[in-house]
2 protein chains.
Amino acid sequence: MNEKQENKKVFLEIVSKLKDLIIREKLQPGDKLPSERVLSEMLGVGRSSVREALRSLELLGIIETRHGGGTFLASSQQYRLVELLATFILQENQSIRDVHKTREIHEKEAIRIICANKRLRELPVWESLFLKIELETEVIRDHILRELLIASENRLALRIWIQLAAYSAGALKKVTTEEEKPILQRLLTSLRLGYEKEALKAYTEWLDYL
Amino acid sequence: MNEKQENKKVFLEIVSKLKDLIIREKLQPGDKLPSERVLSEMLGVGRSSVREALRSLELLGIIETRHGGGTFLASSQQYRLVELLATFILQENQSIRDVHKTREIHEKEAIRIICANKRLRELPVWESLFLKIELETEVIRDHILRELLIASENRLALRIWIQLAAYSAGALKKVTTEEEKPILQRLLTSLRLGYEKEALKAYTEWLDYL
DNA sequence: GGTTATTTGTTCGTATGTATC
DNA sequence: CGATACATACGAACAAATAAC
């Protein structure tokens with residue numbers, strides 16, 4: 001796929017080559033990458049340049065390095081969207097709003113998909129969540145939302161949502177209050193019955209408590 | 001409070017210090033950062049470590065370096081992050097179905113947002129597109145969809161969509177056929193009138209021609 | 001448990017190409 | 001054109017952490 005792009009910068013080429021390597025070797029999270037010296041020889045570049053590329057990927061959270069151990073594909077693909085966005089890019093209100101809006105897009109779509117599918121509506125997890133909300137004083141917001149995303153059976157959307165949720169985690173309330181309980185239960189009940197409109201309405205109401 | 005964050009990694013400390021520097025000195029896009037050697041002395045670290053930090057920020061698009069010129073705060077602060085992470089996330093996620101579904105999520109949401117907003121509905125671009133479809137034999141699908149995403153005024157969603165669209169570009173038809181014309185025109189007309197339901201229906205019909 | 005080899009962490013020196021004045 | 005400042009890139013060297021035996 002990637003023809004020789006004649007990148008002026010060596011380290012960018014290495015980043016690209018590393019990406020190819022990860023795909024070609026089908027490396028899984030936690031797998032070990034070749035050592036810096038081996039990469040340096042393999043690619044015919046200096047070790048310093050290899051390090052510059054590896055560091056860049058490390059800052060992104062794509063790889064993890066252990067001193068004396070080696071370099072590994074990140075085990076928790078949480079990436080570092082959170083800190084990076086927060087510290088560098090997301091000073092503007094517009095960007096913050098975009099993150100929340102995009103989260104909401106995926107959450108609402110998950111609700112729609114579940115409502116439209118009998119099998120998904122009847123998953124036992126909704127009853128479990130209902131009881132959990134009933135019994136526990138605090139429920140973690142994202143836990144509920146994650147279940148929605150998981151149930152909607154779109155792994156890519158789930159992955160995107162996880163990144164966005166990780167960012168919002170710092171800015172939003174983490175747990176639900178007593179007030180939200182009835183709203184949430186209405187959401188879950190509507191969901192199980194397939195009442196899309198009511199479910200979405202409850203979801204929208206819930207957003208007001210953020 | 002405490003400046004010293006006790007990061008194990010020097011390069012991460014430098015990244016952090018650079019962030020502080022940018023804020024403290026109130027550097028604006030395009031402004032010059034101290035040279036590598038100066039930074040190296042200022043922070044009491046080796047030049048290679050400084051370079052590793054600078055490269056990381058460069059990959060993120062936060063700074064730009066000009067060979068022989070110096071290092072500058074990036075003029076266009078873009079979501080480079082989205083593009084970078086997208087390549088990795090999309091590669092891990094080998095399900096093309098998920099890519100299409102996620103595309104559709106964003107496209108449908110864009111339609112909803114436009115329908116719900118008078119100002120967006122009245123954008124001249126819809127009439128232009130309508131005429132274009134009328135006059136030209138072939139219209140590029142993604143061109144139409146991109147306009148929808150742009151109009152929905154969520155830059156993050158737009159960037160995500162662009163990545164998804166690029167990824168699925170090889171698998172889908174690129175241009176519209178004669179048959180699709182009336183459907184598309186119905187979509188655009190409904191959009192301008194704010195008939196969300198009809199617009200979404202036309203969109204769904206259009207999907208069948210993919 | 002200890003020794004050795006491997007690997008990353010960090011710095012430094014050197015040579016080279018580029019930009020600016 | 002020349003001089004200077006700067007980034008680019010490589011490689012050597014040693015420290016420190018880990019892994020292997």
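The structure displayed is predicted, hence computed values, not measured ones.
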Undergrad: Just how far, in rounded Å, is C1' of C:dT10 from CD of B:E13?
TA: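 After rounding, the gap between these two atoms is 14 Å.
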Undergrad: Just to confirm, is there a sub-4.0 Å distance from OP1 or OP2 of C:dT7 to any side-chain nitrogen or oxygen of A:T65?
TA: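 Indeed not, no polar side-chain atom of A:T65 lies that close.
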Undergrad: Would B:R55 and B:E52 pass as an ion pair if we require N to O under 4.0 Å?
TA: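 Not counted as a salt bridge, because no side-chain N and carboxylate O are separated by less than 4.0 Å.
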Undergrad: Take atom CZ in A:R155; do more than 12 heavy atoms of anything else shown fall under 6.0 Å from it?
TA: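 12 or below, so no.
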Undergrad: With a 4.5 Å limit on heavy-atom distance, are the side chains of B:I150 and B:V125 in contact?
TA: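 Counting from C-beta outward, B:I150 and B:V125 never come under 4.5 Å.
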Undergrad: Return the residues of residues 35-53 of chain A meeting this criterion: a heavy atom under 4.0 Å from some atom of DNA chain C. Order them by number, or give none.
TA: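 A:S35, A:E36, A:R37, A:R47, A:R51 - these, ordered by number, are the residues of the stretch whose heavy atoms sit under 4.0 Å from the strand.
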Undergrad: State whether a side-chain donor-acceptor pair under 3.5 Å links B:E180 with B:T177.
TA: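 The criterion, which ignores hydrogens and geometry beyond distance, is satisfied for B:T177 and B:E180.
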Undergrad: Could you tell me whether B:R192 and B:E127 make a salt bridge, using a distance below 4.0 angstrom between a side-chain N and a carboxylate O?
TA: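 A salt bridge is present here (some side-chain N lies under 4.0 Å from a carboxylate O).
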Undergrad: Please state how far atom CD in B:E64 lies from atom P in C:dT18, giving the value in whole angstrom units.
TA: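 The distance from CD of B:E64 to P of C:dT18 comes to 19 Å, rounded to the nearest Å.
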Undergrad: In whole angstroms, how far is the C1' atom of D:dA7 from the NZ atom of A:K9?
TA: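 Computing the A:K9:NZ to D:dA7:C1' distance gives 8 Å.
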Undergrad: Within the 4.0 Å limit for protein heavy atoms, which parts of nucleotides 16-21 of chain D are touched? Write it as a string from 5' to 3', B for base, S for sugar-phosphate only, - for none.
TA: BBB---
Undergrad: In this structure, how many angstroms lie between the P atom of C:dT10 and the CZ atom of B:R55, rounded?
TA: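 It is 18 Å, rounded to the nearest whole Å.
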Undergrad: Distance check needed: D:dT8 P versus A:I14 CD1, whole Å only.
TA: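 It works out to 13 Å between those atoms.
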Undergrad: Please produce a list of atom pairs where a protein N or O lies less than 3.5 Å from an N or O of nucleotides 1-4 of chain C.
TA:
none

Undergrad: Do the side-chain N and O atoms of B:R103 and B:S168 include a donor-acceptor pair separated by under 3.5 angstrom?
TA: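 Their side chains do contain a donor-acceptor pair, which is all the 3.5 Å distance test asks for.
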Undergrad: If you draw a 6.0 Å radius around CD in B:E41, do more than 12 non-hydrogen atoms from other residues or ligands fall strictly inside?
TA: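 No, not enclosed.
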Undergrad: Using 4.0 Å as the upper bound for N to carboxylate O, is an ion pair formed by A:E147 and A:K132?
TA: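 Between A:E147 and A:K132 there is no salt bridge, as every charged N stays at least 4.0 Å from the carboxylate O atoms.
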Undergrad: Does atom CG of A:L131 have more than 12 heavy-atom neighbours, drawn from other residues, nucleotides or ligands, at distances under 6.0 Å?
TA: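 Count over threshold, so yes.
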Undergrad: Within a 6.0 Å radius of atom CG on A:L207, are there more than 12 heavy atoms belonging to other residues, nucleotides or ligands?
TA: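 More than 12 within 6.0 Å, yes.
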Undergrad: Just wondering, do A:L191 and A:L120 contact through their side chains at under 4.5 Å, heavy atoms?
TA: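 No; the side chains remain at least 4.5 Å from each other.
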